[in-house]
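Numbers restart at 1 for each chain; the letters A, B, ... are given by sequence-line order, proteins then strands.
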Amino acid sequence: MSRVQNVIVGTARSALSWVPAQWLPGGTPDPLIGRHGEIGRQASRIDGEIKVRGEARFAAEVAMDGLCYATLVHSTIARGRIARLDSTAAETAPGVLLVVTHRNMPKVASPSLVSMSDPTAVGNSDLPILQDDRVHYNGQVVAAVVAATQEQADHAATLIAIDYEAAQAETRFGQAKSGARIIPSLLIERNHLSFGKAERELARAPHRVDNLYRTQWQNHNAIELHALTAAWVGDRLTVHDTTQMIAGEAAALAKAFGIPRDQVQVLSPFVGGGFGGKGMWDHQIVAVAAARMVGRPLRLQLSRESVYRIVGGRSATEQRVAIGADADGCFTALLHDGWSVMPPYGACPEAYTLGTRSAYRAKSFEILQRHIDIAVVPNTFMRAPGEAIGTFALESAVDELAHNLAMDPVELRLRNMPDKHPITGAPFSQHAQDQAWRDGAARFGWEQRAAKPGTRREGEWRIGMGCGGGSFPYVRMPGAAVRLTVRRDGTATLACSGQEMGMGTATVVVQQVADRLGLPLSAVTVEIGDSALPAAPMAGGSSQTVSIAAAVLAAAEKLPAELLRLAGNSSPLSGLRAGEVRMEGEGLASASEPARRETFRAILSRANLEEVSVTASGTPPLEMLKFAMHSTAAMFCELRVSDVTGEIRVDRLLGSFDCGTILNPRTAASQFRGGMIMGLGLALTEETLLDERSGRIMNPTLADYHVPVHMDVPQIDVIWTDIPDPRSPLGARGIGEIGITGIAGAVANAVFNATGKRVRDLPITLDKLL
Amino acid sequence: MTIRINGTDYDPPEDARVSLLDLLRDRLQLTGTKVGCNQGACGACTVLIDGRRVLSCLTLAAQADGRKVTTIEGLGADGLHPLQAAFLEHDGLQCGYCTPGQICAAAAMLVEAEAGMPSYVTADLTAPVTLSRDEVRERMSGNLCRCGAHNGIVDAILSVAQERAA
């Protein structure tokens with residue numbers, strides 16, 4: 001996040017703008033685009049059956065002989081030092097094997113903070129972990145107890161007595177604003193953008209809105225708790241963890257514990273929900289160190305409270321959005337700035353202005369984020385970090401402007417649709433958000449919306465409709481590697497260290513390998529979730545599927561040459577070069593004379609080989625620097641608000657998406673809906689309550705933090721344009737985060753349409769409507 | 001005394017503090033039953049005791065003494081239970097972690113509805129219960145799902161309810 005990075009990215013972009021598109025990845029569209037195969041079909045989840053049977057093994061479910069259990073103790077002050085720590089009673093309690101504190105914790109360097117330039121830098125915090133007596137935030141780990149059973153460890157943890165010497169700490173968002181810092185870049189984008197004279201344009205615009213929006217602290221709350229089972233054998237470490245970054249974690253643990261990378265194996269075949277929260281935090285370091293100290297395999301499963309205390313969530317924000325428009329509603333100024341938290345020991349900039357840069361055309365832009373430091377657990381990436389809440393502010397503001405202009409909000413958005421990136425001028429690789437808007441409006445019955453707020457009633461209920469747009473950047477991570485193996489029995493396996501958290505990653509990998517190799521679905525298996533396999537990038541930024549897809553494409557391009565070499569002179573393929581054959585019909589065939597063909601079985605049988613493997617990495621993701629590539633959405637909501645209680649019930653929700661090829665309509669629909677439901681929580685029910693006096697989270701439980709339950713979730717309609725992106729592998733873009741993007745705006749705008757009341761402060765709880 | 005779990009008898013644990021959940025997961029390796037909160041807020045640990053749904057994290061193992069416990073492993077012991085098949089058919093899962101609890105809760109909920117037990121959204125408390133979408137949503141609200149598989153879960157349960165009613 002440096003100025004140097006801004007220069008490098010800026011230079012690469014301007015250089016690439018001169019490079020002909022056909023020289024870049026995706027210059028020739030992926031041959032699978034538009035071909036009818038397994039891609040695009042509703043394949044069932046390959047891991048569905050073991051999940052419904054309860055047989056999928058999660059990280060805290062691996063049995064080991066001699067396993068012991070750990071519990072964490074957390075600080076109760078925000079900043080200061082431990083003045084006295086008495087662990088005598090805990091150490092002598094039944095079953096206790098070890099109490100770990102800063103006094104006996106081995107020297108371990110904290111993992112480097114997450115960085116765009118180093119895939120092995122995966123830390124969410126670079127504070128020392130039990131290395132000294134200092135406390136940096138309320139809830140920090142100050143001790144761990146290891147015992148023969150979980151009950152014994154939990155009890156002994158309550159026997160540890162700690163006195164603190166508290167120091168002054170800033171824990172108030174509002175107070176800390178005056179000391180805000182401005183960082184040069186947000187992920188790979190420049191932070192401050194000034195284009196045209198936006199304040200002047202705003203002041204002279206005939207129509208304008210200029211408001212402050214606030215969003216709340218949130219936590220991911222995957223139902224599976226953070227947990228790992230760690231075992232040392234000599235200097236070899238095996239960790240069964242629940243993580244979104246298998247390869248990165250293995251590298252980070254090797255570095256932290258001073259052992260070679262190939263002596264660490266991280267296994268994470270199933271992750272019980274991640275949403276950005278299942279990264280590298282203090283508990284993995286503590287557990288791995290403690291396992292080494294006791295010389296036994298150890299399990300640390302965090303309590304739900306511990307998850308809140310040491311795994312950060314989404315930062316609260318305060319955002320200003322101002323829009324100026326001419327008489328026709330065309331934007332002349334778009335300003336978006338504000339504050340969010342990023343302590344100096346954290347790494348997540350909560351980039352709520354990123355989506356704004358590509359959402360609408362405007363004559364001028366002024367964009368800037370400021371970051372404040374308060375003593376809290378470092379906030380991190382949570383599903384659509386930035387975009388989920390940035391679109392609440394932006395899409396509320398657009399709705400307010402539409403109301404001022406007495407214009408239909410969909411029409412206002414269509415009038416300002418960009419035809420290229422509004423700021424950089426880069427061409428879109430593919431962009432049909434206008435179609436998503438029109439298709440969505442037609443299907444939802446948007447024309448039934450009452451233009452005048454507060455006019456539709458049914459008994460005590462006021463009914464309203466609202467909409468909101470969403471945009472999420474396409475990301476393909478560099479360095480994804482896969483191993484593709486074809487066997488003599490006609491089967492194939494794709495192996496990489498990818499992560500399956502329920503997105504359907506493994507399922508769509510099988511589908512694409514089947515299509516690439518011309519094999520039936522039943523002949524393909526996938527191995528993921530193991531750091532011993534070729535390194536896949538982390539699951540984040542909605543990037544995993546296309547990142548792996550590019551590597552699968554590269555492997556599939558390498559495989560024919562290997563097979564031709566093995567086929568030899570007696571094969572009907574003899575004399576053909578790799579570029580002259582295609583993989584189809586369970587083997588290779590000449591592209592020009594399809595009758596010249598041989599199956600994988602036949603080739604490998606003749607060569608007397610059981611299997612042939614190739615390992616390959618995807619091309620560098622240059623397409624994302626040359627083109628503006630974004631998944632987009634149009635969200636529609638109908639809800640009712642009780643006049644008596646202020647209660648809001650969402651009756652209908654529709655998401656209309658433009659995200660390139662949809663690889664598996666069944667798993668994609670589920671992923672879209674999942675994002676939209678998390679958006680309902682953001683809009684209406686969820687809030688991590690931080691006591692601003694003490695910096696302590698006051699509702700660290702699923703009873704007090706309200707994720708949407710079945711009764712809160714209406715039937716959700718999802719549709720998509722299904723137009724392939726010619727620049728991406730398989731024509732696909734990310735779909736994991738666009739679902740939550742735009743929902744909070746759509747809900748808030750529907751509340752306004754129902755009641756005439758504009759709530760600019762999430763979550764929209766009933767007290768705000770009374 | 002013994003606890004009968006999925007047809008096999010087990011001794012209650014010696015440590016009286018052990019919950020039924022921890023007995024299942026840590027002592028018996030019946031890890032199909034999941035843990036999400038240890039305070040009865042999420043439903044991931046739902047199992048059946050004598051056919052009724054209970055939160056195993058709030059049940060001491062000793063309380064199950066002499067009773068019949070059915071977990072997700074027992075529910076599908078003779079091939080997929082209709083609910084398990086319906087969850088697959090309707091994609092009522094993503095990460096799969098809340099899924100066993102959802103399925104166990106649904107199994108007991110169908111029986112509750114068939115026995116005429118009303119819910120908060122039942123209009124006529126004395127009439128037989130018809131499982132509408134709202135009835136299922138209300139009756140399943142104690143089982144949280146964070147991936148957002150709610151629509152598929154409700155569809156799956158409704159399809160099984162309709163089969164049973166037919």
Under 4.5 Å from any heavy atom of chain B, what part of [X] do you find: side chain, backbone, both or neither?
| X | result |
| --- | --- |
| A:Ala703 | both |
| A:Gln301 | side chain |
| A:Ala60 | both |
| A:Ala63 | both |
| A:Arg45 | side chain |
| A:Val713 | both |
| A:Asp712 | backbone |
| A:Tyr705 | side chain |
| A:Glu49 | both |
| A:Phe58 | side chain |

Report the option among [options] that has the most heavy-atom pairs separated by less than 4.5 Å from atoms of chain A.
| options | value |
| --- | --- |
| B:Gly32, B:Gly152, B:Ala149, B:Cys147 | B:Cys147 |
| B:Thr99, B:Leu80, B:Leu83, B:Thr71 | B:Leu80 |
| B:His81, B:Arg133, B:Glu138, B:Glu89 | B:Arg133 |

**Complete:** One option among A:Ser44, A:Pro708, A:Ser670, A:Ala669 has the most heavy-atom pairs under 4.5 Å with chain B, and it is A:Ser670

**Request:** Give a yes or no on whether a salt bridge exists between B:Arg25 and A:Glu61, defined as a side-chain N under 4.0 angstrom from a carboxylate O.
**Result:** yes

**Asked** Do the charged groups of A:Lys51 and A:Glu224 touch, with an N to O distance under 4.0 Å?
**Response** no

[X] versus chain A, heavy atoms under 4.5 Å apart: side chain, backbone, both or neither?
| X | result |
| --- | --- |
| B:Asp22 | side chain |
| B:Leu75 | neither |
| B:Arg139 | neither |
| B:Val121 | side chain |
| B:Gln39 | side chain |
| B:Ile103 | side chain |
| B:Ser141 | both |
| B:Gln102 | side chain |

**Message:** Just checking B:Asp124: does its CG atom have more than 12 heavy atoms from other residues, nucleotides or ligands closer to it than 6.0 angstrom?
**Reply:** yes

**Asked** Should we say atom CG of B:Asp78 is surrounded by more than 12 heavy atoms from elsewhere, each under 6.0 Å from it?
**Response** no

